[in-house]
Protein chains: 2
Amino acid sequence: MSKVTIYDISKKLNISAATVSRALNNNPKISLKTRELVMKTAEEMNYEQNTLALALKSGKSNTVGILVPYMNRSFFSSVIRGIEEELYPHGYHVIICQTRDDAKSEVQNINTLLNAQVDGIFMSVSKNTKDTGHIDRVLQKGIPLVFFDRKKNIPGVSSVTIDDFNGAYMSVEHLIKQGCKRIAHFLGDINLEIYKDRYNGYLRAMTDYNLPIDKNYIIRTNSKVESGTAAVKKLMQLPSPPDAIFSSSDFTALGAVQELKKTGIRVPDDICISGFSNESFTQYTEPTMTTVDQTPIKMGKMSARVFLEQIDEEISVTIEKKVVLSPQLVIRDSSDRLKKK
Amino acid sequence: MSKVTIYDISKKLNISAATVSRALNNNPKISLKTRELVMKTAEEMNYEQNTLALALKSGKSNTVGILVPYMNRSFFSSVIRGIEEELYPHGYHVIICQTRDDAKSEVQNINTLLNAQVDGIFMSVSKNTKDTGHIDRVLQKGIPLVFFDRKKNIPGVSSVTIDDFNGAYMSVEHLIKQGCKRIAHFLGDINLEIYKDRYNGYLRAMTDYNLPIDKNYIIRTNSKVESGTAAVKKLMQLPSPPDAIFSSSDFTALGAVQELKKTGIRVPDDICISGFSNESFTQYTEPTMTTVDQTPIKMGKMSARVFLEQIDEEISVTIEKKVVLSPQLVIRDSSDRLKKK
DNA sequence: GAAATTTATGTAATCGATTGCACTAAATTA
DNA sequence: TAATTTAGTGCAATCGATTACATAAATTTC
């Protein structure tokens, strides 16, 4: 039950602990005979390296922290999986924290991670994060930080995102090709770049296709289902309601669909709807929902790689990498008029 | 950037590091004057305790591991939240691992956690876990282990579960009260107790209400959507198809509903359906789905408390606590015939 | 006022692994 | 053969905090 240490091995073999340590680490200075003997004995005695001691000595905890708004969103949980998969072979494990989109909780969680002496932090900032004091503290300590999806523009900090502008553009273009002309947009929190970009993609697609942009068609939402319900109610009261909605979130898109069905408006026949994120429920809804896949696993893997490259640079050159992945439009029934016919 | 240690403080104040340590830990042996001085200086110098050193010295990492099949299921993510909330004030942080219901991955993850020297492990075993060698290793090391939801019966190991039998019973009883008589059951993997219990609850309710049990109505499923689709196809080919399905999983229930809708069979008018777990998508489906809530947050909090009690017992008495929580039936449209009329 | 307590602090070992430096013995070179 | 190199190993410090034990100073007791 009590732990076997290198001292136990050294005593048993009548050699020094230093030799044992070196043998276990395949130090070439140690003779093959000794090395093999040590290895064998360690095996026999069920020796396991004490990671805490190693961590203290090396100053590396071999742990990274991941900060997400909600870990039970398929997007975020997939990113996490990507990070884990990429980092696992390098001996890292992962502490996951949820902010529940609350700036205070974000600060608190960053403190927890710093306190746990993580070797790096991956984060997707929460919606209402304005102050960046906690982020500055991370940087001051020289701890590698990688933003994914939701980033802040901070010099020297790398990020992995998708091309939200293009994702939005493709989505709106698709709606236009379905014959839609009065396309509304559910705008997310513009404190976050991703929503600004999606908004801009929407605007560009509209102007590129010479469609008028009606201010009344642009509704602020907060990526909750109810918010989509409320938004669509507003839209439907307009003298000329839209014939499509490009939502910046799957959740609000869902709320819209639910409300429309309740009032007897048919999707996609009367109005086309598309969401964003490819949440897993989008394939279960009635109708199934068109959305934009953000390639989360790839995003996670890329983030991990950026991190690994960063710690490889012995000299802490503040290299700043901005990786932008391409999103994938996933066309489903909620917008697919052509297939239906 | 370089860390401030107690030695830095001791040098600055010309006192020993021991005194600094004691002062910071509010040791009453230290005079008030010194204590306050140390506190103030530590504050000024931005001292932060090195948790790795503390961990090495104390042998406690203040980290616990949580092992779940899928962290993006609302049930599991809520349990995790419950555990975190309860443990956070005690200074613990949490490492979350996913097994993706794979026994091999479970073993690997347990190794990772042991290697990270966690102070305790919370786990919900994966479906196909037969061998318990990895669990035994945890126990041999004297690391507190708490099963939640999906447990193995191992002497000396505590668990927090819900009364699955009763949850099933309530569900089936509810279906019977809707006027259903030919009630089918989607059986989960009977390697897991929870599914056995749900099955038994189903059987008991049927016999209590003098309803015949038709073997053809009991279908093995694997809690995937497609599995539900396949199962309901089988059922509908029977000479006398069922008028209700009690599914041991929300996912299979969803698959059933989707397939039924496709073939024009109305839910709940022609057939009532109920699931299990209160996954968040169940409130979004069409119709909304009746299910059983497993009070996951409470389950997480209870698990955490069991763990805390366990480590409080200085003497490692192998106290074994079996906490069983009461599930809640959530009645929604997929089974609610009476409301509809 | 000497002895016995109490209070406050310091010394040094400890947790387990790593590693620069020193050292011995063997091997190579001149 | 003497001098030099090289291979293999040990010594001891280090990472940062804790704590049993020792000790010095202050206080109380009789």
Q: Could you pull out the closest heavy-atom pair between S126(B) and D102(B), with the gap in Å?
A: OG-C, 3.7 Å
Q: Over how many whole Å does the gap from K11(A) atom NZ to dG16(C) atom C1' extend?
A: 12 Å
Q: Figure out the CG/P separation between L13(B) and dA8(C), and round it to whole Å.
A: 17 Å
Q: Is it the case that atom NZ in K298(B) sees more than 12 heavy atoms from other parts of the structure closer than 6.0 Å?
A: no
Q: Can you name the atoms? Protein N/O to nucleotides 4-6 of chain D N/O, anything below 3.5 Å, with the distance.
A:
none

Q: Is there a side-chain contact between R305(B) and M302(B) in this structure, where contact means two heavy atoms from C-beta onward sitting under 4.5 Å apart?
A: yes
Q: So, for A17(B) and S10(B), which heavy atoms are closest and what is the spacing to 0.1 Å?
A: N-CB, 3.6 Å
Q: Quick one: does E193(A)'s side chain get under 4.5 Å of T161(A)'s, heavy atoms only?
A: no
Q: Under the side-chain contact (heavy atoms from CB on, under 4.5 Å) test against N111(B), which residue among L113(B), N109(B), V107(B), N115(B) passes?
A: V107(B)
Q: If you define the side chain from C-beta out and look only at heavy atoms, does anything of V68(B) sit under 4.5 Å from V79(B)?
A: no
Q: Going 5' to 3' through nucleotides 22-28 of chain C, assign each nucleotide B (protein heavy atom under 4.0 Å from a base atom), S (under 4.0 Å only from sugar-phosphate atoms) or - (no protein heavy atom that close).
A: -------
Q: In residues 142-152 of chain B, what donor-acceptor pairs under 3.5 Å come from side-chain atoms, sequence neighbours left out?
A:
{"residue": "R150(B)", "atom": "NH1", "partner": "D101(B)", "partner atom": "OD1", "Å": "2.9"}
{"residue": "R150(B)", "atom": "NH1", "partner": "V125(B)", "partner atom": "O", "Å": "3.1"}
{"residue": "K152(B)", "atom": "NZ", "partner": "T129(B)", "partner atom": "O", "Å": "2.7"}

Q: For T34(A) and dT9(D), is the shortest distance between a side-chain N/O and OP1 or OP2 below 4.0 Å?
A: yes
Q: I need the minimum non-hydrogen distance between S31(B) and T34(B), along with the two atoms involved.
A: OG-OG1, 2.7 Å
Q: If you define the side chain from C-beta out and look only at heavy atoms, does anything of K3(B) sit under 4.5 Å from N50(B)?
A: no
Q: Using the C1' atoms of the five pairs at each end, what is the angle between the end axes of the helix from dG1(C)-dC30(D) to dA30(C)-dT1(D), to 10°?
A: 50°
Q: Just by distance, no angles: are the side chains of N72(A) and Q98(A) close enough, under 3.5 Å, to form a donor-acceptor pair?
A: no
Q: Any donor-acceptor pair under 3.5 Å linking the side-chain atoms of Q117(B) with those of T51(A)?
A: yes
Q: Contact list please: residues 35-63 of chain A against DNA chain D, heavy atoms, distance less than 4.0 Å, in numerical order.
A: L56(A), K57(A)
Q: Please tell me which of N14(A) and Y7(A) maps to the more 5' nucleotide of DNA chain D, matching each residue to the nucleotide holding its nearest heavy atom.
A: N14(A)
Q: Rounded to the Å, how far apart are I6(B) CD1 and dG16(D) P?
A: 10 Å
Q: For a quick test of reading the model, state the closest non-hydrogen atom pair linking A116(A) to H93(B) and the distance between them.
A: CB-CE1, 3.2 Å
Q: Which parts of residues 19-33 of chain B get close to DNA chain D, meaning a heavy atom less than 4.0 angstrom away?
A: S21(B), R22(B), N25(B)
Q: Using a cut-off of 6.0 Å, state whether more than 12 heavy atoms not belonging to K322(A) lie near its atom NZ.
A: yes
Q: Does T5(B) make a side-chain N or O approach to OP1 or OP2 of dG16(D) shorter than 4.0 Å?
A: no
